[in-house]
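Data block below; observations after.
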Amino acid sequence: MRRCRPTVFVAGCMKLWSQYFIPTLKESPADAEIASHKLLVRAGLVRKLGGGLYTYLPLGLRVLQKISQICREEIERGGGIELAMPHLHPAENWQQGPRWAAAREIMFRADSSGDGQRSPQEPEFVLGPTHEEVITPLVKAEITSYRDLPKNFFQIGTKFRNEIRPRYGLMRAREFVMMDAYSFDVDDEHAIRSYFAMKTAYENFFRRVGAHAIAVEADTGVMGGSFSHEFMVPAEIGDDDVIYNEASGYAANREKATSALVPVDLPDAAPVAAIEEFPTPGVVTIAALEAAPYAVPADQQFKTLVYVGDGKPFAVILRGSDELEEAKLGVLGFGVVRAATPAEIEPVMGAKPGSLGTVKGTIRQAGALAGIFADHAIRLIGNGTTGANKDGFHVRHVNVTRDLAITKFGDFRRVRPGEPDPKSGQPLQVRRGIEVGHVFKLGTKYSEKYGAAFTDDQKQSHPMVMGCYGIGIGRTLQAVIEQSHDADGIVWPWNVAPFQVLVCVLDPQLPEAMELARRLGAAAEQAGAEVLVDDRAERPGVKFKDADLIGIPLRLTVGGRGLKEGIIELKWRAQKEVVKVPVAEVEARIAAAVRAGAGQA
RNA sequence: CGGGGUGUAGCUUAGCCUGGUAGAGCGCCUGGUUUGGGACCAGGAGGUCGCAGGUUCGAAUCCUGUCGCCCCGACCA
């Protein structure tokens, strides 16, 4: 017979470490790069199944549930109604929607079970990466009157995205837990109201879970305001650059950030001379044209890039010194955008990349282009140099208004730190952040496509105005760790800690020690805390190290030494000091400590 | 998908260049000594060296292919 530890039952819900499951690690797994990822694994919160796939172990699950519950409460307070949609979606729902082509590459396909012999070309099912394609048809079928609006439905559940590169543990997983909400309103004004209710709910949520998240402008709306915000947790390991100015409060994702580089009242430059073609053999880069003998500064060159939007080529003009921010091409309205290949460019433009330009009359097949889009900043050039659409030639004295064929101006360049803030003119700064949430005013894109319309009090039918909202629950969990840890381990904020109180029994073989531990645990539970009792037959050093690693906010230590003196020790994970408490006073002191812990959270 | 790296016991890894018995630490099991910040001694279990081919008398080691994983870029909660 194998010897087993006898099962010990404890009153209340407190868990005995020896009978629970908290596999801590002394060393970090080799594949963990950042602090939060290492701690997730070392503290026994998660284990990896495969790339971007994680099992939540008991401790991790408890935190996930804590965060989910806080999220649920705040979204409900913001007007959300919880429901649960399938994770498996008929591909048909997506095929009828507006972004099948764009979204399918990140979707996992799921075909009917069987021997796989009859696997169709097109998937029958996909695993849901998000749920607009499911909620909108539901609302279309169920809601038809203005009397039933507004509605805001949300769920907290698993999402599947075939991320090209899963990374950093839960930060970018292929299967992850997300809160997603969808609002339906009668008009823009109400939709904006729903939007800001969600934004407020988000702010409350992040405050309660102890994550310092800042709302960052993610899109400049067409209606004079901004109706997309990302919630970013500042962190060095973030994937996104936040462009901001502290004084003015301006903050935007790099992809959407703009600057006041071009004065609004900048007059159009007058032509200086007739355009003139000149030979530039072998010159195919901005840098080469900057060099002798040409000596044209990069910020006096027009850079012409060719992209393909939904199969049609189009051109973008930037200053030679600027970089294209590809995400900004989104405003052009194409579904799928990619850089054109040299083979695609030459027949349309008349030259290979490096000699391209958009001077009127020089484009071989101007009609083939879906448009020529110019960044505002080229107006700062006024008169400059560009490619002649003839290999080995450029043209100078090119005037923006007189000579360039431009369909439309727009903001396409990537902002650089130091440029003037669009709000205040102060220099912009940059820092890294992790996107943990997103609020987005969708408009009628989906409601029109799926026919989600309502009848107003004038018997008129209108498409509903939608908003969509997401919070990465797992990502928030990891962001909290990233923001709240020290050299020894995690320092959980009270509200999301897997347990709030750890009773550390140094001599569990002493019946009186275990008996006292039970008393302390009961007192903490009575005060409203969740309690973990470390009753393992380990040396004190091991227990203290593990306690610091898993980061329970309040630690109560019961040891033979203290027992003799009639004291126990009370220590906050976030502080260094140890407070000795006479056994006679423990119940009252613990109750007060638990209230304090819950209060400051 | 492009560039770089890596795969050896549950975890961290040495060995690979220069082919010849697969090693260590942690963890685990047994016994003992310890006992307030990751103890010590003795004994023990545990490895298809990612996978498939090839070269060779002989491959963890060299070659080819393949797969997984990690890092840098484009996408996202």
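Naming: A, B, ... by sequence-line order, numbering from 1 per chain. The basis for the numbers below is simple: all heavy atoms, side chains too, and nothing from hydrogens, waters or symmetry mates.
- Using atom C1' as the reference point in both B:G65 and B:G10, the two lie 31 Å apart (nearest Å).
- Taking atom CZ of A:Arg165 as the reference point, atom C1' of B:G4 lies 11 Å away to the nearest angstrom.
- Between the P atoms of B:U55 and B:U61, the separation comes to 15 Å (whole Å).
- Only the P atoms considered, B:C40 is 11 Å distant from B:G25, to the nearest whole Å.
- Counting any heavy atom pair closer than 4.0 Å across all strands shown, A:Gly559 reaches a base atom.
- A:Gln509 comes within 4.0 angstrom of nothing in the nucleic acid, heavy atoms only.
- Across all strands, A:Lys48 comes closer than 4.0 Å only to sugar-phosphate atoms, never to a base (heavy-atom distances).
- Using C1' as the reference atom, B:U6 and B:U12 are 15 Å apart when rounded to the nearest Å.
- Using N1 to N3 plus N6-O4 or O6-N4 for Watson-Crick, or N1-O2 and O6-N3 for G-U wobble, each under 3.5 Å, B:G73 pairs with B:C1.
- Across all strands, A:Ala173 comes closer than 4.0 Å to base atoms (heavy-atom distances).
- Side-chain atoms of A:Gln69 and A:Arg72 include a donor-acceptor pair closer than 3.5 Å.
- Counting non-hydrogen atoms under 4.0 angstrom, A:Asp546 reaches a base of the nucleic acid.
- Heavy atoms of A:Glu163 sit under 4.0 angstrom from at least one base atom.
- Interface remark: the A:Glu27 side chain does form a donor-acceptor pair with the B:G25 base, using a distance-only criterion of under 3.5 Å.
- Contact annotation for A:Arg555: base contact, defined as any heavy-atom pair under 4.0 Å involving a base atom.
- Taking a cutoff of 4.0 Å between a charged side-chain nitrogen and a carboxylate oxygen, A:Arg77 and A:Glu74 qualify as a salt bridge.
- In this structure, A:Arg104 places its CZ atom 19 Å from C1' of B:C76, rounding to the nearest Å.
- Using a 4.5 Å heavy-atom cutoff, the side chains of A:Ile550 and A:Trp17 are in contact.
- Remark: A:Arg161 fails to qualify as a cation-pi partner of A:Phe176 under the 6.0 Å distance and 45° angle criteria applied to the six-membered ring.
- Using a 3.5 Å distance cut-off with no hydrogens or angles, the side chains of A:Tyr54 and A:Glu175 do not pair a donor with an acceptor.
- Taking only side-chain atoms of A:Pro29, from C-beta outward, the nucleotide of B:U12, B:G37, B:C75 with the closest atom is B:U12.
- As a whole-Å value, the separation of A:Leu549 CG from B:G37 P is 18 Å.
- The C1' atoms of B:A22 and B:A60 are separated by 8 Å, rounded to the nearest whole Å.
- Where A:Asp488 and A:Gly51 each meet RNA chain B at their nearest nucleotide, the meeting point lying more 5' is that of A:Asp488.
- Base pairing of B:U6 is made with B:G68, judged by Watson-Crick or G-U wobble geometry with both donor-acceptor distances under 3.5 Å.
- Side-chain atoms of A:Tyr195 and A:His229 form a donor-acceptor pair, as typed in the model, at a separation below 3.5 Å.
- Straight-line distance between the P atoms of B:C51 and B:A45: roughly 24 Å, to the nearest whole Å.
- Both distances falling under 3.5 Å, in either a Watson-Crick or a G-U wobble arrangement, place B:C11 opposite B:G25.
- Nucleotides B:A59 and B:C16 place their C1' atoms 11 Å apart, quoted to the nearest Å.
- If you check the side chains of A:Asp411 and A:Thr258, you find no donor sitting under 3.5 Å from an acceptor.
- Atom P of nucleotide B:C40 and atom CD of A:Glu538 are separated by 14 Å, given to the nearest angstrom.
- For A:Arg414, whose side chain is taken as the heavy atoms from C-beta onward, the closest listed nucleotide among B:A74, B:C70, B:C11 is B:A74.
- Using a 4.0 Å heavy-atom distance criterion, A:Leu506 is classed as a base contact.
- Contacts of A:Tyr469 with the nucleic acid, taken as non-hydrogen atoms under 4.0 Å apart, are absent.
- Contact between the side-chain N/O atoms of A:Arg167 and the OP1/OP2 oxygens of B:G73 is found at a separation under 4.0 Å.
- Nucleic acid contact class of A:Ser28 (heavy atoms, under 4.0 Å, all strands): sugar-phosphate only.
- B:C63 and B:G2 are spaced 22 Å apart, taking the P atom of each and rounding to whole Å.
- Residues A:Ser228 and A:His438 bring a donor and an acceptor atom of their side chains to less than 3.5 Å of each other.
- Rounded to an integer number of Å, the gap from A:Leu510 CG to B:U35 P is 14 Å.
- Looking at which nucleotide of RNA chain B each of A:His438 and A:Asp31 is closest to, the 5′-most match is held by A:Asp31.
- Side chain A:Arg42 to base B:G38: a donor-acceptor pair is found below 3.5 Å.
- A straight line from NZ of A:Lys543 to P of B:G37 spans 13 Å, rounded to a whole angstrom.
- Atoms CD (A:Glu33) and C1' (B:U6) sit 13 Å apart, rounded to a whole Å.
- Taking 3.5 Å as the limit, the base of B:C75 and the side chain of A:Arg172 contain a donor-acceptor pair of atoms between them.
- A stacking contact links A:Phe176 to B:A77: the aromatic ring centre lies within less than 5.5 Å of the base's six-membered ring centre, and the planes differ by less than 30°.
- Residue A:Gly474 is classed as having no contact, given no heavy-atom separation below 4.0 Å to the nucleic acid.
- Residue contacts shown for A:Val542 include a base, since a base heavy atom lies under 4.0 Å away.
- Pairing of B:C40, defined by two Watson-Crick or G-U wobble distances under 3.5 Å, is identified with B:G32.
- With B:G27, B:G36, B:G73 as the candidates, the nucleotide lying closest to the side chain of A:Lys26 is B:G27.
- Using a 4.0 Å cut-off, some side-chain N or O of A:Tyr168 falls inside it from OP1 or OP2 of B:C72.
- Here the options are A:Phe440, A:Tyr469, A:Phe206, the test is ring pair (Phe, Tyr, Trp, His ring centres under 6.0 Å), and the partner is A:Phe231; only A:Phe206 passes.
- Between the CG atom of A:Leu25 and the P atom of B:G27 there is a distance of 11 Å, rounded to whole Å.
- Contacts of A:Met179 with the nucleic acid, taken as non-hydrogen atoms under 4.0 Å apart, are absent.
- Within 3.5 Å, a donor on the side chain of A:Arg475 pairs with an acceptor on the base of B:C76, or the reverse.
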